[in-house]
Every structure is written in C-alpha cells, then in structure tokens.
Amino acid sequence: MNIFHHFEDIVRGALGSLQTDGTLSADTDFARVTVEPPRDTSHGDISTNAAMVLAKPAGMKPRDLADKISTALEATGNFSAVSVAGPGFINMTLQPAFWQTRVADILGAGPAYGASEIGKGEKVNVEYVSANPTGPMHVGHTRGAVFGDALANLLEKAGFDVGREYYINDAGGQIGVLAESAFLRYREALGEDIGDIPEGLYPGDYLKPVGKALADAHGDKLLNMEADAREEIVRLAAVDAMMDLIREDLALLGIEHDVFFSERALHQSGKVETALQRLDGMGLIYEGVLDPPKGKKLDDWEATPQTLFRSTNFGDDFDRALKKSNGSWTYFAPDIAYHLDKYQRGYTHLIDVWGADHGGYIKRMNSAVQAITNGGAALDVKICQLVRLMRDGEPIKMSKRSGNFVTLREVVEEVGRDAVRFMMLYRKNDAPLDFDFAKVTEQSKDNAVFYVQYAHARIHSVLRNAKNDEGLKGVDLSDAALVGADLTCLVDEAELGLIKQMLQFPRVIEAAAEAHEPHRVAFYLFELASLFHSLWNKGKDQPDLRFILAEQRDVTLARLALIRATGYVIASGLGVLGVEPLEEMR
RNA sequence: GGUCCCGUAGCUCAACUGGAUAGAGCACCUGCCUUCUAAGCAGGGGGUUGCAGGUUCGAGUCCUGCCGGGAUCACCA
C-alpha cells in the first residue's frame, strides 16, 4: 500500500540494468539509496539520491551518473518526466492518472488504510504507565499513558504483534506505607478516632473505602492479628483497590493493557533468583564496594560491600547494586528478571515508557537486557518529559507533599478524552509540554485537535448534504459506487495535492513506527486537515470547485470519492492516536 | 563534578533518522461570508538553526569543545 516501495523497486531495477551494462559494478551497495517524495513539490513527485550516493564507488561525477540512471528510468515507461537537478537528484514525475486512480485504493481500504506489513508479525512489548499502585493517577502519569498507548496502536498498524503491559510495583517499601495507611483507615472504619494522618503516610480519602471494606470483611480481627499476617491481608486489599482505581482512570483515557505484571509475583515465583543466577553464570555479578558519588555530598554514605552487576561491560558509567545494604533486592534486580521474562515470552522488541525523572536508569536497564538476553532482545526506553499544566497562561502549582496535585480524572473531565490524548501527542515525547486548559478546548486553528476533527466533520457534512441533495436523488453514493467514479475528473492542483498527501500516510505510519514516534502521525493529520480546509475554501472563490455540483454528476461523484477517502485517512490516523473522528461539530 | 534530554522566526513547536530555497500555528499587517460549517481560507513581513571547529558531494540533523536551560546521581520506585 506504500506506493513508495513500488517506486523503490523500479529505481533498484534501473540501477540493476546499469550493473548489467557495467556502469555500476555488480557488488554495488544500494543501502544508502533512498526513494522519497521531494520536500518541494515543484521538484516532481518522486526523487532519488542514487546518483550522489553511488557516484564515488562508480568513479563518476554525480551528474553524469544521474544522466545514465535517468535514461534507464525513462526506459521503464513509468514516468511522464525524469530530470536531473541540483547536485545530482533525479526527479520523477507521474501522469495525473496514476494519482487519481489511487483514490479508489484508499476507498477500498477504508479505515484500515495505512496498515503496513513492515512489522512482519514480530512481537513487540510496550510497557507503559506502570504507576505505583498507591493512589489514583495524577496528571503527571497522563503523558506516558497516552504516549505508550498510541505507540502500541502505531506498531500494531505497522504490522507488529503488540503486547501492552503494566508493571505493578507491588513489592516495594511504598506498598508497606500504603498498607500502613490503609490499616489506619481500617481502624477509623471500626470507629476509632485516628486524628490526623501522620507525616509520610498517604492522607488521601481514596483509602477510606479500603478501610471500610476490610472492616466489613474481617470485623475487628485484624487488630489483634500477628503483624506479618495482618500486613499481608491489608497489603493485598489495598493494592487491589488501588489497581481498580488506576484501571478506572486508564479507562477514562480509553487505555486497556493486555497484561498487568506483578513484581510481587515475580519474587514469589523465584524468577528473580533465576535471572540473577543466569547473570552470575555469565560472570557478571560480584561483591564489591562502589565509589561514593562525585560532586554530591552524602552524609550517610558508607562504603559497604554490595552485590553488583557489571553494567560497565555494556556501556554504563559504573556497576549497579542488585541488593540493598539490608540484604534485600534493589528495584533493579526484579526489573532485570521482569525484562528477561518478557524476552522468554517471545518479545524480541522491548519498549519501556518512562518519565523523565527515570532517565538516569536507562543505561543500566539497557545493559541488563543486553546481558541477560545475550543480545537477543532490543530495548528502547522512551522518556516522556514533564507536562506543565497551565491555566490562563499561568502554570498551575502542584506539590506532592500537600497532596495538592491535579488528577488525571480532573483533567479528562474538564477537557475531554480526545483533547487530552491529542495534545499529549502533539509534541515530541522528549520535549517538555505545556498543557493549557484554555487552549485545548479552544475552537480554532491554534488547537490542532479541533482543527483535525473539524475537517473530518466537514467532510461528513458534505456527504450528508449530498445524500439529501435533490439533484442527486436516487444516485448511489455508497463507497462501492464511489470507487467506480470517474476519478480523472480530479484535475485541480489542490485536489491532486490532497491525493498526494493521502498517499504519504502509509509512509508516515512506517517511519513513525520505526522511530517509535507517534507524534508524527498527529502532525501529519494537521497538514492533511489543512489541505482539506484549503480545498474547501477554494470552492468559495471558484464555485466550479465545490464538491457538490448537481449538474455535473461525474465530477460530483469523483469529488465525493476524494473527500470520502480523506475522511478515511483522518479516521485512520486518529485511530492510531486514540481520538474519535467526529462526524458533526455544531 | 558525572550522565541524559533540550536550545530553530517575537512566542509555542515541526523538519520524513544526512538532502535541494529550514517549515507550521499564535501574534502583527492586507484581502475573502446572498452559495457544501468564516470554528475557515488566500497573501505579506519576520532566521547567522546557542557559539566555535570537524567529518563529505551536502549538516538544524553526525563528531569534538565551549555557553545557557532542565532531569538525575549508593541503598527509594
């Protein structure tokens, strides 16, 4: 479906013929040859850098080689014009009929348009959100959640077999604090006056129902129970309740994971030991003492021997601790086991989506994955930079300590799922993002969500009008009928421009999937919407360019086919972003 | 101090992984509403891509060194 692959083949074929006649040697490497649409449309439809890349190995001047390649390309009969330009670019131009008939392809594919096979069904694991189950999600989690979800959609669209996963940190010290906090609420539910929640515990009201449920289920039996057994019960109840809260929050964004992977279960299954033994067997674990961190004073620093992983063998800055000074595992150890587990479940591509504050963790995780899978799995950690919430141009202050943070729910309820999702994706993941409440609900071109959805709504508005048009009474306007329209009626530059932009979509999907960058889809959609709005308005100045011309049925059908196809592309792209393509906005 | 990310128009950001004359939106000017949604469109001004070197046919993009901003820095997750 990506037409550029087709022309890549044609260019390779032409280069092959130059190998046959001896212009290029038989072992010429074509890896650096690209076949792309030129940035500037006045340079034609398709462009290749072949002559510039191959000039040196061929011992020729780029322009001379370009002439030869150009001749070979002309001989294929695929192009209406082939020319050499600039330092040696070869620009190819196609007959309008080629573009026009592609509209039928898009209509045929419908909302599935843009799907690609480059993933070859390979298994990709996307781990995202993975927020600690200690409370509802706040706005800080939102970006990573949306990003991971869209990336998973994108990879699916590109032909990968995607697993969406959430790692539950239900084994650490924070969970102990959570259990303690929940136990307090339990005592409260039994009628005890617990006063203020002590510093360091979770003060949120969301733990009250947990206490209530524990009281309902156990009466006062927990009060006199042995501490370990009690904590076990409270802990499980609290984590379950928190995960329910988190799942509800995620549902507000339309996010659903395939697997919720428990760190606790990992410990209990003995997989942490197994994984570490595996590293030990490779000679990558030793007992040693780390140097104190430089340039930063630590009062309680002690030079204690620790169990360390030789991450420096894999490019890390220093070796990393696997056990704490009290002998228990660090966070790192089970994480290694977890990533090994993913690999053993068949995932050769691993993607982790983290917040910016975990950036310092990337090298060691990469090292660990490289080591423990013996290079069998590739890990790509995507960092999402911070989101700055703005209201009326002023940043909203949040402090964790006071519990004064904006929750995910509050944001979604105020501006809507679509706006949240789109805006979180309308920025590169590693760039900070300002999220302005006023801006994301504004109905103007300054708000990309609106602008794209508006284009889609306008398309459906025209389709509705066509259906109700007296002059088109009884005319079949179904997709099946539109596919058969005389598409050669689409001759205006703006119409052809729109078609060409639509044909970029499969390329955008593939490039975005390979780069793990869903934001490219969002930017693409903005451009596509812009071309559509432009065409729409052209019909104001030139009535003969309007979509519905009752007295010219052929033209009307062709144009309805064009905008129906445009609607599909927008819907397809928005589908990747997880944003609804609205059919009406009034 | 170490590591990672960022630095592009007055502001907010893109730039198809090294391509041709660096593009959008906002803001600022000039036009366009008896007609498919003006919630829009057309046009204009605005740039030493932080600085200095290097790699090559070609650099915003890759390498080195500075400058400025952010994140992080045994054992927390």
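If you're wondering where the values come from, they're calculated on a predicted model, not measured in any experiment. All heavy atoms count here, side chains included; hydrogens, waters and symmetry mates do not. Numbers restart at 1 for each chain; the letters A, B, ... are given by sequence-line order, proteins then strands.
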| message | Would you say the base of rG19(B) stacks on Phe89(A) (centre-to-centre below 5.5 Å, plane angle below 30°)? | response |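 According to the criterion (under 5.5 Å, under 30°), no, Phe89(A) does not stack.
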| request: Please list, chain by chain and in numerical order, all residues satisfying side chain to side chain contact (heavy atoms under 4.5 Å, CB included) with Phe30(A), sequence neighbours excluded. | output: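 Phe30(A): side chain to side chain contact (heavy atoms under 4.5 Å, CB included) contacts with Arg12(A), Leu15(A), Gln19(A), Leu24(A), Thr28(A), Val33(A), Leu54(A).
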Think [X] has a side-chain N or O under 4.0 angstrom from the OP1 or OP2 of [N]?
| X | N | answer |
| --- | --- | --- |
| Trp536(A) | rA38(B) | yes |
| Tyr451(A) | rC41(B) | yes |
| Lys540(A) | rC36(B) | yes |
| His519(A) | rA15(B) | yes |

| message | Taking the ring centre of each residue, are Tyr166(A) and Phe261(A) less than 6.0 Å apart? | response |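 Centroid distance Tyr166(A)-Phe261(A): not below 6.0 Å, so no.
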| query | For atom C1', what is the distance between rG70(B) and rC62(B), given to the nearest Å? | reply | 24 Å
| Distance-only polar pair, side chains of Asn91(A) and His43(A), donor-acceptor under 3.5 Å | no
| said: Can you measure Leu525(A) atom CG to rA14(B) atom C1' for me and round it to whole angstrom units? | reply: 14 Å
| said: Within the 4.0 Å heavy-atom criterion, would you say Asn91(A) contacts the bases, only the backbone, or no part of the nucleic acid? | reply: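 Base contact.
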| Using a cut-off of 4.0 Å on non-hydrogen atoms, how would the nucleic acid contact of Lys363(A) be classed: base, sugar-phosphate, or nothing? |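 Since only primed, P, OP1 and OP2 atoms lie under 4.0 Å of Lys363(A), the category is sugar-phosphate.
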